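These numbers were taken from a predicted model, which means no experiment stands behind them.
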Amino acid sequence: MRDCVIVGGGPAGLTAGIYLARFLRDTVLFDAGRPRAHRIPRTRNLPGYPEGVEGPELLSQIRGQLAHYEGREVEIRREAVTGARRIEGGFRVEAEGGAVEARSLILATGVTNRPPRIPEALHDEGVARGLIRYCPICDAYEVRGQKVAILGSGPHAVAEGRFVRHYTDDVTVVRPEHAPLDDDGERALAQAGLKILPSHRRDIRLDGDAIVIEMEDGRVARFDTLYVALGTDPHSDLAQALGADLTEAGCILVDPHCETSVEGLFAIGDVVAGLDQIAYGMGHAAVATTAIHNRLLGA
């Protein structure tokens, strides 16, 4: 049996690999491809990067650091995990290139943002240029004083609009296609000092340095930035199959050591209920791997 299997090659999973390697733990890390961090145009709130860092560059640097231990303490398998089950003394993880058994298992599987219904090329261009954004905690500082739209409905859109309202006085909530907003929602928006377009959005397009939203009632509005507040889909299928407790939204519940309700199964990063931040996920990695190492010391 190996000491640990890590599923996920984003910042949290890669950091966990580095820690376990330095703990001299026999580890296998599965990296299936491009994590969500790969799509970050530039993050400016991660310490150590005064000018900010692009997602691909950040991943490349962490992977390069982990590569120092590859072939000794850590085996990196660039393939997808297809399933997992509990066995005596640990877990059996099934993958395209064959199964691995380990005493502990870390899920760093992340989430996927729900994008607006627009062509993928248009979406990717908007994200790259900072016209379409997803994380006000990450980058609302960059939109201070701008004219901002929030695409969403319900409590999530209200909460995101209230957060962005701290940075700019001009925030408008735009409802997606046929999304309802009841009287309570209207009142919550008004109390937060937010505007709302009374119709639903019909089309989104880029026009120079602006993002243009056309509504079903025919009106057209121009904004400097659009925040998408349509929610995320956690990649928690493996956790669910192993019997771990999840939130109503599908995120994985963990204790202060990042251990799930299943002994020996840990979860870190955005798939965990909490703050979706790179630094937070890296902190999870330090906590979980130290707990695993100390437990194995006493085994």
Side-chain angles (χ1 to χ4, degrees), residues 36 39-45 52 55 111-234 249 270 274-277:
R36 185 166 66 145
R39 306 190 74 163
I40 297 174
R42 184 172 294 272
T43 180
R44 292 179 171 85
N45 65 350
V111 303
T112 297
N113 293 105
R114 296 173 190 162
R117 295 179 183 175
I118 59 177
E120 184 176 359
L122 174 65
H123 171 269
D124 291 349
E125 180 185 353
V127 170
R129 295 172 56 194
L131 297 173
I132 298 176
R133 300 176 183 267
Y134 282 89
C135 178
I137 294 175
C138 303
D139 52 32
Y141 183 88
E142 271 69 57
V143 305
R144 59 196 188 282
Q146 293 186 3
K147 186 175 183 179
V148 177
I150 307 291
L151 180 65
S153 62
H156 185 56
V158 173
E160 191 141 321
R162 184 181 290 116
F163 190 98
V164 175
R165 181 69 172 72
H166 175 70
Y167 294 87
T168 178
D169 293 334
D170 197 340
V171 182
T172 302
V173 172
V174 178
R175 281 176 282 183
E177 307 91 329
H178 310 296
L181 188 67
D182 56 22
D183 291 341
D184 289 340
E186 296 271 10
R187 281 193 292 270
L189 289 172
Q191 291 169 1
L194 304 171
K195 306 171 189 176
I196 182 169
L197 295 180
S199 183
H200 298 82
R201 84 95 176 171
R202 181 167 65 191
D203 188 35
I204 297 175
R205 63 182 185 272
L206 308 182
D207 183 14
D209 291 330
I211 186 157
V212 178
I213 302 177
E214 183 178 340
M215 309 302 292
E216 286 186 345
D217 63 3
R219 74 181 67 197
V220 176
R222 296 172 63 89
F223 299 94
D224 299 308
T225 299
L226 170 69
Y227 273 100
V228 180
L230 300 176
T232 59
D233 294 312
D270 294 349
L275 192 64
D276 287 4
Q277 289 289 289

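The salt bridge (charged side-chain N to carboxylate O under 4.0 Å, His left out) search around Arg39 returns Asp124, not counting sequence neighbours. For Ile204, the side-chain contact (heavy atoms from CB on, under 4.5 Å) criterion is met by Pro116, Ile118, Leu151, Arg201, Ile211, Ile213, Leu226, not counting sequence neighbours. Evaluation of the side-chain contact (heavy atoms from CB on, under 4.5 Å) rule for Arg114 yields Leu230, Asp233 as partners, not counting sequence neighbours. Scanning for side-chain contact (heavy atoms from CB on, under 4.5 Å) contacts around Ile137 gives Cys135, Phe163, Leu275, Gln277, with sequence neighbours left out. Among residues two or more places apart in sequence or in another chain, the side-chain hydrogen bond (donor to acceptor under 3.5 Å, both in side chains) test is passed with Arg144 by none. By the side-chain hydrogen bond (donor to acceptor under 3.5 Å, both in side chains) test, Glu142 is found to be paired with no residue, residues two or more places apart in sequence or in another chain being considered. In this structure, the side-chain hydrogen bond (donor to acceptor under 3.5 Å, both in side chains) partners of Arg133, at least two apart in sequence or on a different chain, are Asp139. Residues satisfying the side-chain hydrogen bond (donor to acceptor under 3.5 Å, both in side chains) test with Arg202, not counting sequence neighbours, are Glu214.
Shown here for Ala128 and Pro41, the closest heavy-atom pair between the two residues is O-CB, 4.0 Å. The shortest non-hydrogen separation linking Arg129 to Asp209 is NH2-OD1, 3.6 Å. Here the closest heavy-atom approach between residue Gly152 and residue Ala157 is recorded as C-CB, 3.4 Å. Here the closest non-hydrogen pair linking Gly208 and Leu131 is O-CD1, 4.1 Å. Ile150 and Ala229 make their closest contact through CG2-CB, 3.9 Å (heavy atoms, listed as atom of the first residue, atom of the second, distance).
The ring-ring contact (aromatic ring centres under 6.0 Å, His included) analysis of residues 132-160, with sequence neighbours excluded, yields the pairs His123-Tyr134. Counting only residues at least two apart or on different chains, the salt bridge (charged side-chain N to carboxylate O under 4.0 Å, His left out) pairs with a member in residues 145-166 are Arg165-Asp169. Residue pairs meeting the salt bridge (charged side-chain N to carboxylate O under 4.0 Å, His left out) criterion with at least one member in residues 188-200, sequence neighbours excluded: Asp170-Lys195. A salt bridge (charged side-chain N to carboxylate O under 4.0 Å, His left out) check over residues 220-229, counting only residues at least two apart or in different chains, returns the pairs Asp207-Arg222.
In the displayed structure, Asp217 atom CG is contacted under 6.0 Å by more than 12 heavy atoms of other residues, nucleotides or ligands.
Note that the CG atom of Leu206 and the CD atom of Glu125 stand 5.0 Å from one another [nearest 0.5 Å].
Here the side chains of Tyr167 and Val148 are not in contact, with every heavy-atom distance at 4.5 Å or above.
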